[in-house]
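Note sheet for the following structure.
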Amino acid sequence: GSSDSVVLVDGDGNFGDKAIEAFEINSPSPPPTPDAVVTEPSISPAPTLPKQSLTPTNIPNTPTPLQPAPVAAPNPPPFGFLPTFPTGGIVGPSLPTSPTTAAPVIQPPPQDPEPTLGTTFVSIQVTIQFDELPSETGWSLTCNDETLENITANTYSEPNGQISDTFQVALNADCIFEILDTFGDGICCTFGNGFYQIVLQGSGGDESDIVLVNRTGINPFDVQTISFLT
């Protein structure tokens with residue numbers, strides 16, 4: 001009944017935000033025997049703990065940062081070593097490649113040079129009649145800065161002989177004919193009747209030829225230079 005109740009904690013209700021009370025519960029005594037005298041135990045009140053007031057200053061302003069979870073150390077590799085692989089993955093063995101044969105280069109067949117359009121060629125004939133001393137005579141022919149013939153002295157040996165040479169030159173070519181006599185007395189007329197002549201040959205035989213240069217009876221001369229146009 002209520003007479004058996006024991007007050008363990010008795011507070012006045014003024015505890016602010018929070019109050020903590022400590023108390024102790026003892027085991028009840030066994031029921032008395034009929035002949036025994038029951039003595040009620042003395043119950044000491046529980047000590048009263050001082051009230052603790054939590055003020056804003058006791059609450060931390062900065063939250064405690066979360067610590068990262070510890071990373072477990074990797075298990076040691078088997079056999080006491082850690083294999084390494086090249087960057088980019090495992091590279092397999094290189095396979096032999098077959099040699100590459102370059103395709104043969106087919107060269108085009110050579111072509112004949114194209115003729116210069118608009119160029120017309122004509123034939124000129126140089127004739128020289130020597131005196132009794134032909135070894136003293138030399139001559140040359142140049143057309144458009146191209147040397148067509150260059151005969152030095154001591155080339156001819158037949159006294160009073162005659163030579164004729166024909167050349168193909170461009171139409172309207174600028175030509176220079178030069179003849180020399182090393183003794184200086186020319187090819188006429190002390191030791192013979194020599195002369196020289198240059199003819200533009202026509203297509204109709206001798207009657208269509210055009211005489212460009214005709215020199216006879218010239219005495220003396222060392223060198224003579226004649227310019228003409230074909």
### Query
Roughly how far, to the nearest 0.5 Å, is CD1 of Ile187 from CZ of Phe195?
8.0 Å
#### Entry: Linked, directly or transitively: Phe130 and Phe191 (ILVMFWY side chains, under 4.5 Å)
no
### Task
Quick one: which residue pairs count as a disulfide (SG to SG under 2.5 Å) with a foot in residues 122-159, not counting sequence neighbours?
Cys143-Cys175
### Message
I'd like to check the side-chain contact (heavy atoms from CB on, under 4.5 Å) partners of Thr182; sequence neighbours left out, ordered by chain and number.
### Response
Glu136, Ala153, Leu180
### Task
Using the test side-chain contact (heavy atoms from CB on, under 4.5 Å), find all partners of Val211 that sit at least two apart in sequence or belong to another chain.
Gln197, Val199, Asn214
### Heavy-atom donor-acceptor pair, Asp209 side chain to Gly202 backbone, under 3.5 Å
yes
### Task
Check whether Leu171 and Phe228 end up in the same hydrophobic cluster, where Ile, Leu, Val, Met, Phe, Trp and Tyr are linked by side-chain heavy atoms less than 4.5 Å apart.
yes
### Message
Running the 4.5 Å side-chain criterion over Ile, Leu, Val, Met, Phe, Trp and Tyr, what cluster does Val105 land in, apart from itself?
### Response
none
### Query
Residues two or more places apart in sequence or in another chain: which of them pass side-chain contact (heavy atoms from CB on, under 4.5 Å) with Thr190?
Asn219
#### Entry: Within residues 154-179 or reaching into it, pairs that qualify as side-chain hydrogen bond (donor to acceptor under 3.5 Å, both in side chains) - sequence neighbours excluded
Ser123-Gln168, Thr127-Ser164, Gln129-Gln162, Trp139-Tyr156, Glu178-Thr225
### Query
For Glu149, what residues pass the side-chain hydrogen bond (donor to acceptor under 3.5 Å, both in side chains) criterion, not counting sequence neighbours?
none
### Task
Check which hydrophobic residues are tied to Ile176 through side-chain heavy-atom contacts below 4.5 Å, counting indirect links as well, and list them.
none
### Task
Would you check if the side chain of Asn144 reaches a backbone N or O of Glu146 as a donor-acceptor pair within less than 3.5 Å?
no
